Amino acid sequence: MTGTKRMTGASSGRTVQDPEALSLTERRKAATRMEIARAAAGLFMADGLRATRAEDIARAAGVAPRTFYRYFATKEEALAPLFSAGAHQWAQAVRDAPADLSVAEALHHAVVHTLTPGVGVSARSLEWVRALLRLTGPNPALTKVWAEICQAGEQELAEVLAARTQGGDEASGDITPALRFAAALASASVRVAVESWAAGNESAAGPNGPACLAVRNLEALRDFVWEIG
């Protein structure tokens with residue numbers, strides 16, 4: 001995995017990599033996937049998930065239906081790149097946290113950076129997250145996509161934690177049971193915070209916004225597992 005920063009995409013088995021590690025063809029494919037994902041999100045929020053067809057998404061994205069199905073098996077899967085981008089940004093922020101920070105401190109740093117409006121994400125983007133997550137609840141297929149992205153993000157975080165605690169690159173890190181457990185707990189802390197915020201009407205910048213909720217969740221676990229860092 002040297003030179004790449006990966007995360008497996010929902011259902012498709014594809015891998016999300018650092019754009020700098022991708023070839024021109026791969027970057028174009030990734031850009032097309034994201035354009036389709038944005039078109040799908042816009043239609044889902046405007047017209048509803050049930051009323052939106054894959055053909056509608058393809059038209060809105062400016063691609064042929066056969067191109068849509070080249071990238072995604074279902075209309076629900078079209079949201080995977082958007083979900084993946086958020087999960088990857090969170091793991092990347094942990095990866096980029098100063099090396100002298102403990103695991104707990106690096107996770108706190110990443111939460112603040114990725115979930116605070118105006119810091120690493122815009123308020124508008126967070127409202128999109130809220131709207132899209134509200135679509136997942138009553139839709140099993142979309143819930144499955146979200147769950148698979150969360151699981152892939154957990155794996156990426158475990159690789160990041162292995163590199164931070166053991167030195168070296170992520171390809172050589174040994175993902176021990178303790179590291180896997182820590183990554184699972186940290187990922188769940190952030191996921192639950194984002195989902196809880198999305199289900200309500202609190203401001204993203206307030207004390208019950210996703211960043212504050214995630215920080216409180218992580219602090220509740222501080223004495224339980226973060227000794228690895």
Side-chain angles (χ1 to χ4, degrees), residues 1-23 26-27 29-31 33-34 37 71 77 79-99 101-115 120-121 125 129 132-133 136 143-195 210-211 214-215 217-218 221 225-226 228-229:
M1 202 173 69
T2 303
T4 66
K5 295 162 185 174
R6 66 175 186 170
M7 180 166 59
T8 305
S11 304
S12 63
R14 295 183 177 87
T15 294
V16 175
Q17 295 176 306
D18 184 342
E20 294 181 359
L22 299 177
S23 69
E26 290 170 329
R27 288 199 297 271
K29 289 180 178 179
R33 283 172 56 82
M34 187 58 75
Y71 290 101
E77 279 189 23
L79 288 186
L82 288 174
F83 288 153
S84 291
H88 180 64
Q89 184 183 19
W90 144 247
Q92 183 65 42
V94 178
R95 182 183 283 115
D96 293 340
L101 297 184
S102 67
V103 168
E105 291 167 338
L107 292 171
H108 183 283
H109 167 90
V111 162
V112 171
H113 181 76
T114 56
L115 294 178
V121 64
S125 293
V129 170
L132 294 176
L133 286 181
T136 65
T143 299
K144 180 174 182 288
V145 173
W146 170 244
E148 289 179 348
I149 291 299
C150 291
Q151 184 177 26
E154 179 183 311
Q155 173 63 24
E156 183 180 19
L157 181 60
E159 294 169 359
V160 172
L161 295 182
R164 287 192 67 90
T165 58
Q166 299 167 11
D169 60 30
E170 291 169 31
S172 61
D174 179 22
I175 302 178
T176 63
L179 282 171
R180 189 174 298 279
F181 183 51
L185 288 177
S187 297
S189 296
V190 175
R191 175 182 57 79
V192 170
V194 173
E195 290 176 344
V215 165
N217 288 348
L218 289 172
L221 297 170
V225 71
W226 304 142
I228 62 170

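From a predicted model like this one, the values you see are computed outputs, not experimental measurements.
Within the 4.5 Å cutoff, the side chain of F83 has heavy atoms near those of the L132 side chain. Between Y71 and K29, the closest side-chain pair of non-hydrogen atoms falls below 4.5 Å. When side chains are defined from C-beta on, T114 does not count as touching V190, because their heavy atoms never get closer than 4.5 Å. Side-chain atoms of L107 and V94, non-hydrogen and from C-beta on, do get closer than 4.5 Å to each other.
Shortest non-hydrogen contact noted between A93 and H113 is CB-CD2, 4.1 Å. Across all non-hydrogen atoms, the minimal contact from V111 to A211 is CG1-O, 3.5 Å. The minimum heavy-atom distance between A80 and I149, with the atom names listed, is O-CD1, 3.9 Å. Closest approach of C150 and R191 over heavy atoms only: SG-CD, 3.6 Å. Between L101 and H109, the closest heavy-atom pair is CD1-CB, 4.2 Å. When every heavy atom of G120 is checked against every heavy atom of Q89, the shortest pair comes out as O-NE2, 2.9 Å.
Classification of R95 and E156 as a salt-bridged pair holds, one side-chain N sitting under 4.0 Å from a carboxylate O.
With 3.5 Å as the limit, one finds a donor-acceptor pair spanning the side chains of E159 and Q155.
Between the CG atom of D174 and the CG atom of L179 there is a distance of 7.5 Å, given to the nearest 0.5 Å. Once rounded to the nearest 0.5 Å, the distance linking CD of E154 with CZ of F181 reads 10.5 Å. To the nearest 0.5 Å, atom CG of residue L218 and atom CD of residue E105 are 12.5 Å apart. For the atom pair Q166 CD and L161 CG, the distance stands at 10.0 Å (nearest 0.5 Å).
Between the side chain of T136 and the main chain of L133, a donor-acceptor pair closer than 3.5 Å is present. A donor-acceptor pair under 3.5 Å is absent between the side-chain atoms of R164 and the main chain of A106, judged by distance alone.
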